[in-house]
Protein chains: 2
Amino acid sequence: MNDGNRQEGQEGQEGQGDQGGQEGATAGSKRKDVRRNQRTLLDAAAAVFVTSGVEAPVRDIAAKAGVGVGTVYRHFPTRADLVIAVYRHQVDACAEAGPALLAAGPTPHAALERWADLFVDFLVTKHGLAGAMQADNAGFETLHAYFLDRLLPVCAELLDAAAAAGEIRSDLTAYQLMRGIGNLCIGAEADARYDARRLVALLVAGLRQGR
Amino acid sequence: MNDGNRQEGQEGQEGQGDQGGQEGATAGSKRKDVRRNQRTLLDAAAAVFVTSGVEAPVRDIAAKAGVGVGTVYRHFPTRADLVIAVYRHQVDACAEAGPALLAAGPTPHAALERWADLFVDFLVTKHGLAGAMQADNAGFETLHAYFLDRLLPVCAELLDAAAAAGEIRSDLTAYQLMRGIGNLCIGAEADARYDARRLVALLVAGLRQGR
DNA sequence: AAACGATACGGAACGCTGTTCCGTTTCACA
DNA sequence: TGTGAAACGGAACAGCGTTCCGTATCGTTT
């Protein structure tokens with residue numbers, strides 16, 4: 001689970017459905033230079049995110065890609081759009097893992113535990129992503145919205161299943177749980193003394209109390 | 001290297017002990033204007049923190065106090081020192097509440113729950129404090145260190161007592177719990193759908209599992 | 001009281017951000 | 001091959017934290 005990103009699949013994202021909509025600028029262009037820059041930019045961003053975190057200066061990404069900053073903003077109107085584009089399929093994979101775990105796991109609560117671990121692993125391996133995903137983070141609202149759109153239904157499904165099975169108390173919203181998990185992951189990659197995974201496990205365990 | 005020559009020898013009180021640290025830089029000055037500005041600055045900062053959060057621009061604080069930015073930095077070498085000075089008393093109160101709750105509460109775990117509530121209430125009512133307290137937050141290391149210095153022993157005491165009483169698992173460090181609580185409070189004040197107190201309670205409840 | 005030396009003062013200036021703007025270049029199509 | 005539309009680069013703008021330094025003020029000394 002180390003590398004993860006790379007361009008793997010960026011070229012594959014044909015962008016047919018694209019419910020997010022913000023991808024309009026970078027869909028299928030007639031011009032070759034546009035497509036090339038788009039791809040170069042995504043590769044450069046992925047590389048810079050790994051070394052400098054998702055809050056790396058836009059100029060760094062532009063430099064790494066060998067383009068001007070204007071080009072970055074033309075392709076990705078906001079930094080969040082760039083982050084989304086880079087991590088889109090990993091988020092999707094996380095979303096798709098939900099139902100699979102629910103079907104496979106011994107109990108809904110076990111599935112929830114595993115799904116949480118998956119989500120945590122994703123967040124902590126992307127330098128600064130958890131922090132950037134914060135709701136109040138100016139300029140990253142789109143990122144926050146994307147995570148919610150994609151993962152909230154999955155989280156709700158797991159939560160509902162566990163509640164229906166009588167395993168957990170049913171009065172915590174999926175939104176609260178998602179934010180709790182996301183918050184617990186903030187800064188985890190920079191602090192060896194802190195184990196986000198552990199705390200998230202504790203939180204999920206806490207859901208069982210007084211079921 | 002560039003020409004960033006510092007001239008030392010101005011701040012004469014560096015070796016002065018002052019460990020627990022009253023006010024950081026400017027304790028008892030001979031000059032009247034110094035003391036006056038110090039006070040004005042603290043009042044202004046407190047007011048601005050309430051309205052704009054602890055990450056408010058230094059210029060705003062200076063303007064509110066009617067002084068130049070240079071004055072702010074002379075009194076409080078870093079923004080974190082200003083934040084610490086403003087909230088010191090409340091942090092101290094929180095630290096002192098720990099042993100009191102332990103003595104009063106029915107069980108150590110109940111005391112831990114109440115203390116966590118106290119800490120959460122403090123954090124969420126100070127706009128942005130939880131985020132600023134983050135370890136990786138550049139320029140706020142001092143703040144992080146102060147919270148740790150002050151509250152970690154208290155948290156450890158509560159945790160140890162609960163563990164000794166057999167109420168909780170004993171393999172979570174006080175540091176991890178503190179960071180977990182702090183993290184869960186991030187952005188709580190800006191999001192009505194999110195209830196940090198609730199999630200922290202869940203986390204603390206999770207400590208009981210498998211005791 | 002007046003002059004003096006120390007030091008605090010204000011705010012311009014610096015370096016670093018994200019973002020916008022626009023003159024110039026490149027591309028696809030005719 | 002010509003041409004117009006679109007993308008390009010990067011200078012420019014705005015806003016941040018922080019530093020620097022000439023000037024103003026203070027407490028002391030004569």
Side-chain angles (χ1 to χ4, degrees), chain A residues 22 24-41 44-45 48 52-83 128 132 137-143, chain B residues 1-14 23-41 44-45 48 52-83 128 132 137-143:
Chain A
Q22 69 277 19
T26 60
S29 171
K30 289 298 168 195
R31 291 180 58 155
K32 188 170 54 176
D33 59 341
V34 171
R35 285 193 303 272
R36 177 178 45 76
N37 274 332
Q38 199 170 288
R39 218 188 120 175
T40 306
L41 227 25
V48 171
S52 309
V54 297
E55 311 229 33
V58 175
R59 282 170 178 82
D60 289 1
I61 297 163
K64 179 97 181 177
V67 304
V69 287
T71 303
V72 178
Y73 280 97
R74 190 164 319 94
H75 286 301
F76 304 97
T78 169
R79 289 166 45 70
D81 295 321
L82 185 51
V83 177
N137 212 324
F140 282 88
E141 304 84 5
T142 315
L143 183 61
Chain B
M1 291 288 118
N2 49 26
D3 49 304
N5 51 9
R6 311 181 51 87
Q7 46 223 60
E8 356 223 319
Q10 267 146 308
E11 315 297 331
Q13 91 298 356
E14 63 254 9
E23 298 0 85
T26 46
S29 171
K30 298 176 168 197
R31 291 178 59 153
K32 219 101 185 175
D33 57 344
V34 170
R35 284 195 301 273
R36 176 177 46 77
N37 274 331
Q38 198 169 284
R39 214 204 150 92
T40 305
L41 228 23
V48 172
S52 310
V54 297
E55 313 230 32
V58 176
R59 283 169 176 82
D60 288 2
I61 297 164
K64 180 98 181 177
V67 303
V69 286
T71 302
V72 178
Y73 281 96
R74 188 164 321 94
H75 286 299
F76 304 97
T78 168
R79 289 165 45 70
D81 295 322
L82 185 49
V83 176
N137 211 326
F140 283 88
E141 305 83 8
T142 316
L143 183 60

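So that the names make sense, note that chain A is the first sequence line, chain B the second, and so on, each numbered from 1.
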State which residues pass side chain to side chain contact (heavy atoms under 4.5 Å, CB included) with [X]; sequence neighbours excluded, sorted by chain then number.
X: B:Ala56; result: B:Val48, B:Ser52
X: A:Phe140; result: A:Glu55, A:Arg79, A:Ala80, A:Val83, A:Ala132, A:Asn137, A:Leu143
X: B:Thr71; result: B:Asn37, B:Leu41, B:Val67, B:Arg74, B:His75

Think [X] has a side-chain N or O under 4.0 angstrom from the OP1 or OP2 of [N]?
X: A:His75; N: D:dA7; answer: no
X: A:Asn37; N: D:dC8; answer: yes
X: A:Arg79; N: C:dG18; answer: yes
X: A:Thr71; N: D:dG9; answer: yes

query = Which atoms form the tightest heavy-atom contact between A:Arg35 and A:Lys30, and what is the distance?
reply = NH1-O, 3.4 Å

key: Heavy-atom closest pair, residues B:Thr40 and B:Ala65   =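 For B:Thr40 versus B:Ala65, the nearest heavy atoms are CG2-O, 3.5 Å.
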
key: Interatomic distance, A:Phe76 CZ vs D:dC8 P [rounded to whole Å]   =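 Going from A:Phe76 (CZ) to D:dC8 (P), I get 11 Å.
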
query = Between atom CG in B:Asp81 and atom C1' in D:dG17, what is the gap in whole Å?
reply =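 After rounding, the gap between these two atoms is 14 Å.
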
task = Give, for atom CZ of B:Phe76 and atom CG of B:Asp81, the distance between the pair rounded to the nearest 0.5 Å.
result = 8.0 Å

DNA chain C contacts made by residues 55-65 of chain A, counting heavy atoms under 4.0 Å =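 Under 4.0 Å from DNA chain C: A:Ala56, A:Pro57, A:Val58, A:Arg59.
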
Contacts of A:Asp33 that satisfy side-chain hydrogen bond (donor to acceptor under 3.5 Å, both in side chains) - sequence neighbours left out =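 side-chain hydrogen bond (donor to acceptor under 3.5 Å, both in side chains) list for A:Asp33, sorted by chain: A:Arg31.
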
task = Compute the angle between the rotation axes at the two ends of the helix from C:dA1-D:dT30 to C:dA30-D:dT1, each taken over five pairs, rounded to 10 degrees.
result = 20°

Reading 5' to 3' through nucleotides 25-30 of chain C, protein heavy-atom contacts under 4.0 Å coded B for base, S for sugar-phosphate only, - for none = -BSS--

ask   = Among D:dG10, C:dG11, C:dC9, which is the nearest nucleotide to the side chain of B:Val69?
value =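 When the side chain of B:Val69 is considered, C:dG11 is the closest of D:dG10, C:dG11, C:dC9.
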
task = Check every atom of C:dT19, D:dC8, C:dA8 against the side chain of A:Tyr73 and return the nucleotide holding the closest atom.
result = C:dT19

